[in-house]
Amino acid sequence: MTGSANLADWPVAILAGGLATRLRPETSTIPKALLEVAEQPFIVHQLALLHQAGFRRAVLCLGYLGEQIEALLGDGTDYGMSLAYSFDGDRLRGTGGALKHAMSFLGERFVVLYGDSYLPIDYEAVVAAFLREDKPALMTVFRNDGHWDRSNVLFESGRIRCYNKTMSTPDMHYIDYGLGVLTKHAFGRFRNQDVFDLADVYRKLVESGKMAAHEVKERFYEIGSREGLAELDALLRDRSVTS
């Protein structure tokens with residue numbers, strides 16, 4: 001596939017519309033992306049990481065209390081980014097439906113990650129891997145062995161043989177790292193659906209042999225749990241002291 005790996009040319013979709021029920025009562029009044037980590041809202045750290053990598057545009061897919069995120073970030077100028085916002089509306093669309101709803105902002109192809117993930121990797125290498133393949137999507141995978149979360153990917157010889165987010169098998173040593181590259185054509189089977197999960201899109205693509213893969217070696221961090229919040233807080237505080 002042709003194209004540039006210059007990350008400034010690529011929009012990033014940030015999926016930040018969930019209810020965050022595991023983190024209540026804190027998330028009863030603020031969205032998860034605004035939880036404080038190392039003295040700043042998490043989304044500020046996430047945007048700083050993306051900016052450092054070379055991205056300059058992001059589309060935030062929002063739902064629950066999402067207007068608070070827009071009120072904080074505005075057009076993104078203060079963070080060196082150009083930001084757009086896509087709201088689910090009167091119902092949650094799921095991660096896949098949220099991306100489909102935001103397609104007018106995202107264009108033909110884009111990078112996607114979750115609004116509770118902190119992924120310190122080489123993003124340019126991920127996009128370059130996508131461009132080398134003639135496939136409508138790419139999933140990053142990480143050798144997890146059930147350690148950080150339940151493994152859900154059978155990955156062999158550079159290919160994803162099976163992906164199932166809800167049913168792990170003993171030969172699944174890898175996990176969906178939480179970063180993907182997608183084209184709008186990846187959503188073809190969902191053209192008549194408005195509510196669906198990104199995991200469903202991935203599963204269909206894997207089953208049809210249309211999902212490329214890129215293995216990363218750096219572990220992921222997340223704020224979807226209290227343990228994850230504490231761990232990332234410690235990491236970012238340590239980096240601020242040593243930098």
Side-chain angles (χ1 to χ4, degrees), residues 1-16 33 43-61 76 79-86 95-96 98-144 152-153 155 157-160 163 174-188 198-199 201-206 208-222:
M1 183 174 290
T2 60
S4 169
N6 180 2
L7 300 187
D9 298 331
W10 289 77
V12 182
I14 302 176
L15 294 164
I43 187 66
V44 173
H45 292 292
Q46 193 176 48
L47 289 178
L49 181 66
L50 293 172
H51 183 273
Q52 182 181 16
F55 292 105
R56 293 297 180 266
R57 290 191 293 145
V59 178
L60 287 96
C61 300
Y79 307 94
M81 302 285 285
S82 174
L83 301 181
Y85 301 89
S86 176
T95 50
L99 287 173
K100 180 182 174 184
H101 186 60
M103 208 63 71
S104 60
F105 295 109
L106 294 169
E108 293 290 326
R109 54 192 180 184
F110 54 92
V111 176
V112 59
L113 72 160
Y114 294 95
D116 60 0
S117 297
Y118 189 85
L119 309 176
I121 60 166
D122 184 347
Y123 289 84
E124 189 172 326
V126 174
V127 170
F130 168 78
L131 291 172
R132 288 195 298 269
E133 301 284 344
D134 187 24
K135 294 185 178 179
L138 177 141
M139 179 195 297
T140 52
V141 298
F142 172 70
R143 178 109 192 186
N144 176 63
N152 53 31
V153 176
F155 178 69
S157 303
R159 291 182 56 194
I160 298 173
Y163 168 72
Y174 286 78
I175 192 169
D176 170 11
Y177 187 70
L179 176 73
V181 186
L182 291 166
T183 67
K184 69 177 185 180
H185 303 293
F187 295 80
L198 182 57
V201 179
Y202 282 177
R203 184 170 51 82
K204 293 290 188 183
L205 289 168
V206 169
S208 60
K210 295 181 178 179
M211 175 68 82
H214 178 72
E215 182 179 359
V216 299
K217 302 294 187 179
E218 300 83 0
R219 62 152 295 193
F220 57 87
Y221 296 86
E222 50 80 24

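Only heavy atoms go into these numbers, but all of them, side chains included; no hydrogens, no water, no symmetry mates. These figures come from a predicted structure and were not determined experimentally.
Leu99 places none of its side-chain heavy atoms less than 4.5 Å from the side chain of Val201. Tyr123 is listed as a side-chain neighbour of Leu49, based on a closest heavy-atom distance under 4.5 Å. Residues His51 and Tyr79 form no side-chain contact, since every pair of their non-hydrogen atoms from C-beta on lies 4.5 Å or further apart.
The minimum heavy-atom distance between His101 and Ser86, with the atom names listed, is CD2-OG, 3.5 Å. Here the closest heavy-atom approach between residue Met103 and residue Phe110 is recorded as SD-CE2, 3.7 Å. Nearest heavy-atom pair across Leu15 and Ala98 is CD2-CB, 4.2 Å. Contact detail for Val127 and Ala5: the closest heavy-atom pair is CG1-CA, 3.9 Å. Listed here is the closest heavy atom pair of Ala137 and Leu182: CB-CD2, 3.4 Å. Tyr174 approaches Arg143 most closely through the heavy-atom pair CD2-N, 3.4 Å.
Note on ring orientation: taking the six-membered ring where Trp is involved, the planes of Phe142 and Tyr177 are tilted (angle from 30° to 60°).
Of the residues Val12, Leu7, Val111, Leu119, the one that meets the side-chain contact (heavy atoms from CB on, under 4.5 Å) test with Leu50 is Val12.
Take Glu218 and apply the salt bridge (Lys or Arg N to Asp or Glu O under 4.0 Å) test, not counting sequence neighbours, and it matches no residue. Shown here are the side chain to side chain contact (heavy atoms under 4.5 Å, CB included) partners of Ala212, two or more places apart in sequence or in another chain: Glu133, Lys135, Leu138. In this view, Lys184 and Glu108 satisfy the salt bridge (Lys or Arg N to Asp or Glu O under 4.0 Å) rule, not counting sequence neighbours.
Under a cut-off of 6.0 angstrom, the local environment of CZ in Arg219 is crowded, with over 12 non-hydrogen atoms contributed by other residues, nucleotides or ligands.
Atom CD1 of Ile14 sits about 4.5 Å away from atom CD of Gln46, to the nearest 0.5 Å. Distance check: Thr140 OG1 to Phe220 CZ gives 10.5 Å after rounding to the nearest 0.5 Å. The CD1 atom of Ile121 sits 6.5 Å away from atom NE2 of His214, with the distance rounded to the nearest 0.5 Å. With values rounded to the nearest 0.5 angstrom, Ile160 atom CD1 is found 8.0 Å from Asp176 atom CG. Atom NZ of Lys100 sits about 14.0 Å away from atom CG of Leu198, to the nearest 0.5 Å. One finds the CZ atom of Phe130 at 12.0 Å from the CZ atom of Arg132 (value rounded to the nearest 0.5 Å).
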